[in-house]
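One structure is given below, encoded as structure tokens.
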Amino acid sequence: MSEKKPRYITTTLPYVNASPHMGHALEFVQADTLARYWRLMGHEVFFNMGVDEHGQKIARKADEAGVSRQEYVDKYAAEFNTLKEALNLSHDSFIRTTNPAHKSAVQHMWQLWEQSGDVYKKKYKGLYCVGCESFKTESDLIDGKCPDHLIEPEEIEEENYFFKLSNYQSYLEEYLSKEEVIVPEFRRQEALEFVKKGLDDISISREKSRMDWGVEVPGDDDHVVYVWFDALINYVSCLGWPEDTEGTFAKFWEGGSTLQLAGKDQVRFQSIIWQAMLKSAGVKATDQVFYHGFINSGGQKMSKSIGNVIDPYEMVERYGTDA
């Protein structure tokens, strides 16, 4: 009987700008179910979870609360970590993006992008949704507002570093042409169609004078790494990349089967931007991403920013963990 391939599974990292809600619980339980199934089938499994602790949204929340940014994220990271008991989760890793090892991995990957010739600096003006921590085009908005957070984006003009996503047009078309890389199939088609329309380079830093809560850009103390680029790197930093002193990255990412879980609004980040980031750094692509829908509350995506959230701890107290 042939040896079973190691399995790597990860959730996305929720922002720690407020307490966890049922939308987070959905993804955590999905991942836990798969991890437990694979272990029962005899696979060696590495199951990663964690929290995203940088960015403008968190910095503002900490400032409003009158506490240091680190104190603020420590409080909410602890709340997410205690879900392990409430939901009976079996993860092997709980990564925090304020961990020194993660920060080092982010800076190392940035340097690999520079070596590949994929980083440059230019002035930029755009509409920025603090709730999403991302730039929006007019076509992304409904009545001038972000449809997920129901707020008008802010117009920002500054000099940022950019990543040459446009360099990876043909690579991404080839990658997304493989049926197994995205489930469900219609999300793969969505990603492929987006890439075929042409890719723009994307801003990957913020001026520290405007947003100082993040990983410093190597060689430029005036900039911090854009929070999404910082957070995505957790998928490999949790495995000990780049040093990999214990061989965990080699076993589970390079030699194993990798699966990421994410919400349906993250297709561009997880299956397009992240895959180009990996390619630029010379790292193997993700084998598969599974996209789930949202748990709606009052006809709207559940969001801490909006406040229409359901508390998973209350649900466990009322119905039990198995339910």
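Throughout, numbering of the chain's residues begins at 1 and tracks the sequence.
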Closer than 4.0 angstrom, basic N to acidic O: yes or no for D74 and R96?
yes
Close side-chain approach of L239 and K251, heavy atoms under 4.5 Å
no
With E154, the salt bridge (charged side-chain N to carboxylate O under 4.0 Å, His left out) member among K145, R210, R60, K57:
R60
Please, which pairs that meet ring pair (Phe, Tyr, Trp, His ring centres under 6.0 Å) have at least one residue in residues 204-223, sequence neighbours excluded?
H54-W213, Y161-H223
Can you find a side-chain donor-acceptor pair between N48 and D92 that sits under 3.5 Å?
no
Given side chains that start at C-beta, do those of I182 and Q288 come closer than 4.5 Å, heavy atoms only?
no
Scan K103, Q107, K208 and name whichever one has a side-chain hydrogen bond (donor to acceptor under 3.5 Å, both in side chains) with E216.
K208
Heavy-atom closest pair, residues A191 and I272
O-CD1, 3.9 Å
Assess the side chains of Q270 and Q260: does a donor N or O sit below 3.5 Å from an acceptor N or O?
yes
Hey, can you tell me if F290 and H292 have their rings parallel, tilted or perpendicular (30° and 60° cut-offs)?
tilted
How far does CG of L89 sit from CE of M49, to the nearest 0.5 angstrom?
5.0 Å
Between the side chains of Y235 and T286, is a donor N or O closer than 3.5 angstrom to an acceptor N or O?
no
Output yes when K75 and E79 qualify as a salt bridge under the 4.0 Å nitrogen-oxygen rule, no when they do not.
yes
Flag, side chain of T258 to backbone of D287, donor-acceptor distance under 3.5 Å:
yes
Between F46 and F252, is the gap from one ring center to the other below 6.0 Å?
yes
Side chain T321, main chain A86, donor-acceptor under 3.5 Å:
yes
Okay, side chain of T97, backbone of E53: is any donor-acceptor separation there less than 3.5 Å?
yes
Measure the shortest side-chain to side-chain distance between D32 and H91 over non-hydrogen atoms and say whether it is less than 4.5 angstrom.
no
When the aromatic ring centroids of Y76 and Y72 are compared, is their separation below 6.0 Å?
yes
Pick out which of W110, W113, W274, F162 makes a ring-ring contact (aromatic ring centres under 6.0 Å, His included) with F229.
W113
Classify the side-chain pair D118/Y168 by whether it contains a donor and acceptor separated by less than 3.5 Å.
yes
With a 3.5 Å distance limit and no angle check, can you tell me whether N99 reaches the backbone of A101 through a side-chain donor-acceptor pair?
no
Go through the side-chain N and O atoms of Q115 and Q111 and say whether any donor and acceptor fall under 3.5 Å apart.
no
For S166 and D201, which I'm curious about, is there any donor-acceptor pair between the side chains at under 3.5 Å?
yes
Within the side chain of S104, is there an N or O that forms a donor-acceptor pair under 3.5 Å with the backbone of P100?
yes
List the steps and the verdict of side-chain contact (heavy atoms from CB on, under 4.5 Å) for I58 and V16.
CA-CA 7 Å; I58 290 168; V16 288; 3.9 Å; yes
Would you sort out whether D63 and R69 count as a salt bridge (Lys or Arg N to Asp or Glu O under 4.0 Å), showing the intermediate values?
CA-CA 7 Å; D63 293 345; R69 279 78 181 275; 3.0 Å; yes
Does any N or O in the side chain of S271 come within less than 3.5 Å of the main-chain N or O of R268, such that one atom is a donor and the other an acceptor?
no
If the condition is ring-ring contact (aromatic ring centres under 6.0 Å, His included), which residues does F194 pass it with, not counting sequence neighbours?
none
Is the ring pair W38/H43 parallel, tilted or perpendicular, if the boundaries are 30 and 60 degrees?
perpendicular
If you count heavy atoms of other groups shown closer than 6.0 angstrom to NZ of K122, is the number above 12?
yes
